[in-house]
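Encoded as structure tokens, the structure appears first; notes follow it.
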Amino acid sequence: MRATLLYGAGDVRVEDVPDATISAPSDALVRVTRSCICGSDLWPYKSKDPDAPGQRMGHEFIGVVEDIGSEVTTVRKGDVVVAPFVFSDGTCAYCHEGLHTSCVNGGFWGVGDVDGGQGEAVRVPQADGTLVVLPVPVDDALMPSLLTLSDVMGTGHHAAVRAGVREGSTVAVVGDGAVGLCGVIAAKRLGADRIIILGRHQVRTDLAREFGATDVVAERGKAAVARVKELTGGEGAHAVIEAVGLGESLETALRIARPGGAVGRVGVPQTGDIPGAQLTFLKNVTVSGGIAPARAYIDELLPDVLEGRIEPGRVFDRTIGIEEVPDGYRAMDQREAIKVMIAP
């Protein structure tokens, strides 16, 4: 089968790899019908050292169940399913607490002998705890929005939840990528009264406004902090979503949070330290968040997608075939695309 591998910075290839097959009784075999490139995929794309074997890529996908192991009971052949970006058994203490990303029997796509999502098929370990059946045909028009439940919509929602967004909140979103845009959707869905998006790319901030953002701040650094303070009467935001992962973006998030506010950080950290520790302490700002347990949120968010109350699939602005994946990485890296979907 064909699959995506990363060999080093800027070196993405689509190659033949061994066919995905059932290897454990808890596995399912899924033929991938939709997958995508994530903003987090761009970090190794920019920095990975040359690695001869290559790294299997992709962690967001929808597909059709082609086969199941003898112990699988929650899905069957022919089901259309979505997979969250981490597989989990659904039965351990962490899964029961809604923290599927810490599952004692879980793991990540593309690691070890597990297939990546950017390929023609995936062996899904722990299928019962991982896969969610979608009550729509495989070619349904909602597929782009359903695909976001694999990661970016759940991640944006996680940031909003961890930041304590509630009815009447003023929310600031740092980052205008797909996760930040889904954070706007999540904040609006949770009842935020005012949503300020920090971003400099008009196509993205225009989409943020359509999703519910009330204000756009194009400045960066100290100027961005000053502008948010001006918009909020000198106070800052009750809740801040940090969706970038750089030290500068996190420091901005901390500075624009009002005293007693909270920051939900979901941008994959690219630095080892959390800046602004003294500022956070003095302002009693809560810093929360982390890797989003997307599986925990699918059941909550799925009805809103199916009924058209939210349309996170609009973050996809380019669709390509599997052989075009290297150009998809280039387009996202050069900000020619917000998020690229891979489809047959």
**Option from D113, D19, D115 for which salt bridge (charged side-chain N to carboxylate O under 4.0 Å, His left out) with R123 holds** = D113

Are the side chain of [X] and the backbone N or O of [Y] linked by a donor-acceptor pair below 3.5 Å?
X    : Y    : answer
K229 : E235 : no
D304 : E307 : no
S145 : L142 : no

**Prompt:** Only one of T4, L6, V17 clears side chain to side chain contact (heavy atoms under 4.5 Å, CB included) with R56; which?
**Reply:** V17

Non-hydrogen side-chain atoms of [X] and [Y] separated by less than 4.5 Å:
X    : Y    : answer
P84  : T130 : yes
I338 : R314 : no
S288 : R265 : no
V114 : P125 : yes
R309 : P303 : yes

**Flag for E71-S26: side-chain donor and acceptor within less than 3.5 Å** = no

**Prompt:** Are a donor atom and an acceptor atom from the side chains of T74 and D128 found within less than 3.5 Å of each other?
**Reply:** yes

What is the distance from atom [atom1] of [X] to atom [atom2] of [Y], rounded to the nearest 0.5 Å?
X    : Y    : atom1 : atom2 : answer
E60  : R34  : CD    : CZ    : 14.5 Å
M153 : H158 : CE    : NE2   : 13.0 Å
L131 : I62  : CG    : CD1   : 11.5 Å
H201 : L207 : NE2   : CG    : 14.0 Å

Do the charged groups of [X] and [Y] touch, with an N to O distance under 4.0 Å?
X    : Y    : value
K46  : D333 : yes
D79  : K77  : no
R330 : E336 : yes
D215 : R194 : yes
E66  : R31  : yes

In the single-linkage hydrophobic clustering (I, L, V, M, F, W, Y; side-chain heavy atoms under 4.5 Å), do [X] and [Y] co-cluster?
X    : Y    : value
Y297 : I291 : no
V64  : I322 : no
V75  : V82  : no
M341 : M57  : no
L134 : V32  : no

**Asked** Quick check: are there more than 12 heavy atoms from other residues, nucleotides or ligands sitting under 6.0 Å from CZ of R220?
**Response** no

**Message:** Both conditions, 6.0 Å and 45 degrees, for the charged tip of R13 above the ring of Y7: are they met here?
**Reply:** yes

**Chi angles and distances behind the ring pair (Phe, Tyr, Trp, His ring centres under 6.0 Å) call for F85, W109** = CA-CA 7 Å; F85 67 88; W109 308 111; 9.9 Å; no

**Fill in**
The single option from E324, Q118, Q334 that satisfies side chain to side chain donor-acceptor pair (under 3.5 Å) with Y329 is Q118

**Prompt:** Are the aromatic rings of H100 and Y94 close, with centres under 6.0 Å apart?
**Reply:** no

